Amino acid sequence: MRSTMQDVPLTIGAILRHGGEVHSDGEVVTCTADGTRSTGYGELVARVGQLANGLRRLGIDADQRVGTFCWNNTEHLEAYLAIPSMGAVLHTLNIRLFPEQVTYIVNHAEDQVVIVDASLVEPFAKLLPTFETVRHVLVAGPEAAGADLSSLQVDGVEVHLYEDVLAAEESAFDWPELDERDAAAMCYTSGTTGNPKGVVYSHRSAYLHSMAVALGINAGLTPHDRVLPVVPMFHANAWGLAYAAFMVGASLTMPDRWLQAEPLVRFIERSRPTVSGGVPTVWNDVLGHLDAHEEADVSSLRLVLCGGSAVPVSLQRALEERHGVHMIQAWGMTETSPVASTGVPPLGAEGEDAWHYRGTQGRLLPGVLGRIVGEDGTVQPRDGQAVGELEVRGSWVTGAYYKDDDPEKFRDGWLRTGDVGTLDPLGFITLTDRAKDVIKSGGEWISSVDLENALMAHPDVVEAAVVGIPDEKWQERPLASVVVRDGADVTAAQLREFLADSVASWQLPDAWAFIPEVPRTSVGKFDKKVLRKSFADGRLEVDYTRKA
Ligand code: ADP
C-alpha cells in the first residue's frame, strides 16, 4: 500500500521560501571593524533573488559549481541560499587550506564563478591564475567598493563588484522545481594525506540535517534564538547552523573575520547570541579571556555546541562553573554533513555521571546509524567496552566521494570514519583516537584522547597532544607534548603524578616535551604527524620521567 501524503521536495529552495515567507522578522547581524551591520530576513530574501538573477546573467543556468571564498557574514548566507535554490551547486572553499589544495579543489569541482570577500582578495589573487574553469569573480563585503582589485586581472576572468551585480537585478526570481536528490552543495575534506576529497550534499540531506540541528537534542532552536556560528561556513557548513536557524526563524549573528577571543567576546556582548558553535581551541581562548576580564559579559549564551576534535570535560566545567556557559559536545565529519551525534546526557544521569556523558562524543542523532567494527572486520557488541572503528550510515552521510573512488572508506554501505572507540547501549560514542593516531603498547591500546583530556585538566596546562613513539620492549609508548601557561613552573614528574590519579599506571606517558604550541593542520586540528616527525628527527627536547 502506498501513502497518499503530498510529496513536497525537501530542498534548500523550500528552506528559502519558508524562511522568507514566515520568518521575515528574523535578522542577520554581521560583525564589522567598529560595530555591526544587520539585514532583516525579508530584505535578505530579496537580495538572494537578485544574486540568483545576477548569477544567471553570468551563465549559471544548471548545476554549475559556484565557489565561495568568504567569512561567516551576510553575503555568505545569501550565497548559501541563492546558489542551491537556483539549481547550481554551492562550493564552499576553505580559505585556510594550503594553496595547492585550493587549486586542486577548484579545478576538480570545475568552479565557474567564485564569490570572494574583499578582505581576502590578496590570498585569492595568488590562486586565481591556477584556476582552470573560473570565468567570473564577484568581490563582496562592505570594503569591496574601495578595494584595489588590480591583482585580480587574469586573462579570461571577469571581475565584478558583488553589490553592482545585485543592484542591476530584480529581486523576483523564477525558482526552479528541483529534485530533492540533486546536488545542493559540496565541501572537500582537508585530507592529511593525498588529495582532498569532495563530498556532495543533496538538497534532501541538507534539509534533513538542518532539521536535526534544530532539534532539542541538538541546538533546540526557536525564533527567540540568536545563533552565532563561530565554526566557519567554509568548512563543514558551519555545522548546519545557518540553514537550521533560517528555517526556524532564529536570527544569525555572524563573526566575519573577527574570530580571536577579544573581538569575539565583544561581538557577543553587542549581538547577544543565545546559541553558538565552534571548535575547542576557540572556546579555550575565550575561557582564558573571560578568566582575565571579569567585566566580560557572555550571559546571553544559553548553549555552546563544541566539536571538531575532542572537547575536554575540564573546558566544559570551567566555562559552566566559572562563567555560566553550558556546552554540549558534538561529533561529526565533512562526510556526515557534519553533525551525527550530540552529548546531551540521558535522563537520570546526574553529577559525575552526567559529566561522564558530556565527555563522550555524544549520542547518535535520529537518522544516523552507527556500529563498531573490530580489527578483524567483525561487528562488535554495542556494550561501551568493545573497541574498534566507528562506522556510520544515514540520510546525511555520504556514500562516496565526488569523482574519486576510495573503496577503503566504505564497507557494505557504511562510511568508515577512521575514528576508533566504543558505542554503548544508549548510542553514546566514546572515541579514543583517530585510527592513524592509535598508540599500541604491549598489545594494548592507550587512548591519546583520554591522556590529553586528563592533562588539560591540570591548571597549568593550556594544551596537550599525545602520540606514540617507538619502544623496543613495548613497541610503542606515549609521548606527551605539553603547552603550559605563561609563567607556570611545572615539571614532567609533577604532571605524571597528577595523571596517576585518573590514569592506569601502565598508560602514563614516560616521555615528555614542553613545546610553545601544538602544531596544527590547515583546519586547526592537532597535527600529530608533525609531532611524530619532530621526535623522529630529534628536534623535540624530551624529558624521560621513566624509561619504559
Ligand atoms: P578533516 O577530515 O577535513 O579534518 P573534518 O571536520 O571532517 O575535517 O574532521 C572530522 C574528524 O574530526 C572526525 O573524524 C574526528 O576524528 C574529529 N572529530 C570531530 N568531532 C570530534 C569530537 N567531538 N571528538 C573527537 N574527535 C572529533
Side-chain angles (χ1 to χ4, degrees), residues 3 5-23 26 28 41 44-45 48 52 63 65-66 68 76-92 173 175-187 199-223 225 227 229 231 233 236-250 252 275 277 305 330 332-342 364-369 392-400 402 415:
S3 93
M5 296 306 283
Q6 298 178 13
D7 193 12
V8 177
L10 309 178
T11 60
I12 305 296
I15 295 180
L16 172 66
R17 193 172 55 238
H18 181 76
E21 282 175 6
V22 175
H23 295 298
V28 50
Y41 281 172
L44 184 98
V45 171
V48 167
D63 64 354
R65 270 64 73 200
V66 178
T68 56
H76 211 168
L77 181 63
E78 288 162 3
Y80 256 57
L81 292 165
I83 296 164
S85 301
M86 66 187 292
V89 180
L90 167 76
H91 179 196
T92 50
F173 184 83
W175 301 106
E177 277 286 321
L178 299 171
D179 186 321
E180 63 181 28
R181 288 191 165 75
D182 285 345
M186 64 192 306
C187 183
V199 176
V200 177
Y201 308 107
S202 65
H203 283 266
R204 176 186 158 83
S205 75
Y207 192 105
L208 292 172
H209 177 258
S210 309
M211 298 270 266
V213 168
L215 288 177
I217 199 171
N218 205 323
L221 300 179
T222 75
D225 281 306
V227 181
V231 46
M233 292 165 85
N237 311 309
W239 299 349
L241 289 167
Y243 288 142
F246 190 78
M247 152 187 250
V248 301
L252 279 157
V275 175
L305 297 163
M333 7 180 9
T334 303
E335 289 86 335
T336 65
S337 292
V339 190
S341 65
T342 56
L364 293 166
L365 287 173
V368 181
L369 309 174
V392 290
R393 252 178 85 69
S395 300
W396 55 89
V397 177
T398 195
Y402 179 62
L415 170 76

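Reckoned from all heavy atoms, side chains included, excluding hydrogens, waters and symmetry mates. No experiment lies behind these values; they were computed from the predicted model shown.
Asn218 pairs by the side chain to side chain donor-acceptor pair (under 3.5 Å) definition with nothing, not counting sequence neighbours. In this structure, the side chain to side chain donor-acceptor pair (under 3.5 Å) partners of Thr68, at least two apart in sequence or on a different chain, are His76. Partners of Pro9 by side chain to side chain contact (heavy atoms under 4.5 Å, CB included), not counting sequence neighbours, listed by chain and number: Thr11, Glu177, Glu180. Not counting sequence neighbours, the partners of Tyr243 by the ring pair (Phe, Tyr, Trp, His ring centres under 6.0 Å) test are Tyr80. Residues forming a salt bridge (Lys or Arg N to Asp or Glu O under 4.0 Å) with Glu335 (at least two apart in sequence, or on another chain): none. Under the side chain to side chain contact (heavy atoms under 4.5 Å, CB included) criterion, Val48 pairs with Leu16, Leu44, Glu78, Leu81, Ala82, Trp175, sequence neighbours left out. Under the salt bridge (Lys or Arg N to Asp or Glu O under 4.0 Å) criterion, Arg393 pairs with no residue at all, not counting sequence neighbours. By the side chain to side chain contact (heavy atoms under 4.5 Å, CB included) test, Ala245 pairs with Leu221, Val227, Ala250, Leu252, sequence neighbours left out. Under the ring pair (Phe, Tyr, Trp, His ring centres under 6.0 Å) criterion, Tyr41 pairs with Phe246, sequence neighbours left out. Residues passing the side chain to side chain donor-acceptor pair (under 3.5 Å) test with His91, sequence neighbours excluded: Asp111.
From Thr398, atom OG1 reaches atom CE of Met186 across 10.0 Å, with rounding to the nearest 0.5 Å.
Pairs of residues two or more places apart, or lying in two chains, never qualify as salt bridge (Lys or Arg N to Asp or Glu O under 4.0 Å) while including a residue from residues 8-19. Sorted by first and then second residue, the salt bridge (Lys or Arg N to Asp or Glu O under 4.0 Å) pairs involving residues 236-249 (not counting sequence neighbours) form an empty list.
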